[in-house]
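Have a look at the structure below, then the notes.
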Amino acid sequence: MPVTLPHLNANYLDNPAPDYPPVSRELSEQGRVLVRAMVNADGHVKQVLLRKSSGFSRLDQAALDSVKNWRFVPARRGEQPVSAWVVVPVAFTLEG
(Lines give C-alpha, C1' and ligand atoms only; values in the text may rest on other atoms or scores of the structure.)
Protein backbone atom coordinates (compact mmCIF):
# COMPACT_ATOMS: atom_id res chain seq x y z
CA MET A 1 0.00 0.00 0.00
CA PRO A 2 1.45 3.45 -0.89
CA VAL A 3 2.56 5.82 1.85
CA THR A 4 1.50 9.47 1.80
CA LEU A 5 4.28 11.63 3.25
CA PRO A 6 3.93 13.85 6.32
CA HIS A 7 3.00 17.44 5.66
CA LEU A 8 2.51 20.58 7.70
CA ASN A 9 -0.40 22.16 5.82
CA ALA A 10 -3.15 21.53 8.36
CA ASN A 11 -1.02 22.56 11.32
CA TYR A 12 0.99 25.27 9.57
CA LEU A 13 -0.26 28.14 11.72
CA ASP A 14 0.98 26.34 14.85
CA ASN A 15 4.54 26.16 13.49
CA PRO A 16 6.27 29.46 14.20
CA ALA A 17 9.04 30.67 11.93
CA PRO A 18 12.53 30.21 13.40
CA ASP A 19 14.01 33.08 15.34
CA TYR A 20 16.52 34.92 13.15
CA PRO A 21 19.77 34.88 15.15
CA PRO A 22 20.62 38.52 16.01
CA VAL A 23 24.30 38.10 15.06
CA SER A 24 23.28 36.63 11.69
CA ARG A 25 20.99 39.61 11.13
CA GLU A 26 23.81 42.05 11.99
CA LEU A 27 26.18 40.25 9.60
CA SER A 28 23.52 40.11 6.86
CA GLU A 29 23.65 36.30 6.76
CA GLN A 30 20.89 34.82 4.62
CA GLY A 31 20.22 31.40 3.20
CA ARG A 32 18.03 28.35 2.82
CA VAL A 33 18.34 25.35 5.12
CA LEU A 34 16.96 21.91 4.29
CA VAL A 35 16.01 20.06 7.47
CA ARG A 36 15.27 16.34 7.36
CA ALA A 37 12.71 15.48 10.05
CA MET A 38 11.47 12.11 11.29
CA VAL A 39 7.77 12.63 12.00
CA ASN A 40 6.11 10.09 14.33
CA ALA A 41 2.66 8.66 13.72
CA ASP A 42 1.31 11.26 16.19
CA GLY A 43 2.73 14.17 14.18
CA HIS A 44 5.54 15.05 16.60
CA VAL A 45 9.12 15.35 15.35
CA LYS A 46 11.32 12.59 16.75
CA GLN A 47 14.61 13.56 15.10
CA VAL A 48 16.04 16.34 12.92
CA LEU A 49 19.10 16.24 10.67
CA LEU A 50 20.75 18.86 8.52
CA ARG A 51 20.12 17.87 4.89
CA LYS A 52 21.62 21.00 3.31
CA SER A 53 23.37 23.88 5.03
CA SER A 54 22.65 27.55 4.43
CA GLY A 55 26.39 28.10 4.69
CA PHE A 56 25.96 29.69 8.13
CA SER A 57 25.99 27.49 11.24
CA ARG A 58 23.83 29.92 13.25
CA LEU A 59 21.05 29.79 10.65
CA ASP A 60 21.35 26.00 10.36
CA GLN A 61 21.02 25.58 14.13
CA ALA A 62 18.06 27.99 14.34
CA ALA A 63 16.26 25.98 11.64
CA LEU A 64 16.98 22.65 13.37
CA ASP A 65 15.86 23.99 16.78
CA SER A 66 12.63 25.35 15.32
CA VAL A 67 11.58 22.37 13.18
CA LYS A 68 12.26 20.04 16.12
CA ASN A 69 9.25 21.65 17.88
CA TRP A 70 6.88 21.76 14.92
CA ARG A 71 3.82 19.54 14.49
CA PHE A 72 2.96 17.77 11.26
CA VAL A 73 0.08 15.85 9.77
CA PRO A 74 1.62 12.36 9.95
CA ALA A 75 2.33 10.15 6.98
CA ARG A 76 -0.27 7.48 6.24
CA ARG A 77 -0.23 4.00 4.85
CA GLY A 78 -3.86 3.68 3.81
CA GLU A 79 -5.80 4.95 6.84
CA GLN A 80 -3.01 4.09 9.31
CA PRO A 81 -0.73 6.94 10.53
CA VAL A 82 2.95 5.91 10.30
CA SER A 83 6.36 7.43 11.03
CA ALA A 84 8.23 8.84 8.04
CA TRP A 85 11.00 11.26 7.04
CA VAL A 86 10.16 14.58 5.41
CA VAL A 87 12.44 17.36 4.12
CA VAL A 88 11.49 20.85 5.28
CA PRO A 89 12.91 23.97 3.59
CA VAL A 90 13.55 26.91 5.94
CA ALA A 91 14.47 30.26 4.39
CA PHE A 92 16.22 33.11 6.18
CA THR A 93 15.91 36.35 4.23
CA LEU A 94 16.50 39.93 5.27
CA GLU A 95 13.91 42.32 3.91
CA GLY A 96 15.03 45.83 3.04
Mind checking whether Leu49 and Gln47 have side chains closer than 4.5 Å, heavy atoms only? yes
By side chain to side chain donor-acceptor pair (under 3.5 Å), which residues pair with Asp60, not counting sequence neighbours? Ser53, Ser54
Does Pro74 reach the side chain of Val82, with side-chain heavy atoms less than 4.5 Å apart? no
Is any side-chain heavy atom of Val39 closer than 4.5 Å to a side-chain heavy atom of Lys46? no
Taking distance alone, no hydrogens or angles, what donor-acceptor pairs closer than 3.5 Å link side-chain atoms of residues 61-69 to residues at least two apart or in another chain?
| from | atom 1 | to | atom 2 | distance (Å) |
| --- | --- | --- | --- | --- |
| Gln61 | NE2 | Asp65 | OD1 | 2.8 |
| Ser66 | OG | Pro16 | O | 3.4 |
| Ser66 | OG | Trp70 | NE1 | 3.3 |
| Asn69 | ND2 | Asp65 | O | 3.1 |

May I ask whether Val33 and Leu94 are part of the same hydrophobic cluster, defined by side-chain heavy atoms of I, L, V, M, F, W, Y residues being less than 4.5 angstrom apart, directly or through others? yes
Mark yes or no for whether Arg76, through its side chain, and Glu79, through its backbone, hold a donor-acceptor pair below 3.5 Å. yes
Would you mind reporting whether Glu29 and Leu59 have side-chain heavy atoms less than 4.5 Å apart? yes
Thr93: partners by side chain to side chain donor-acceptor pair (under 3.5 Å), with sequence neighbours left out: Glu95
For residues Pro21 and Arg58, report the shortest heavy-atom separation together with the two atoms involved. CG-O, 3.7 Å
I'd like to check the salt bridge (charged side-chain N to carboxylate O under 4.0 Å, His left out) partners of Asp42; sequence neighbours left out, ordered by chain and number. none
Return each pair, listed once, that meets ring pair (Phe, Tyr, Trp, His ring centres under 6.0 Å) where at least one residue sits in residues 14-50; pairs must be two or more places apart or across chains. Tyr20-Phe92
Quick one, Leu27 and Phe56 - any side-chain contact, counting heavy atoms below 4.5 Å? no
Tell me, please, which residues at least two apart from Leu34 pass side-chain contact (heavy atoms from CB on, under 4.5 Å). Arg32, Arg51, Lys52, Val87, Pro89
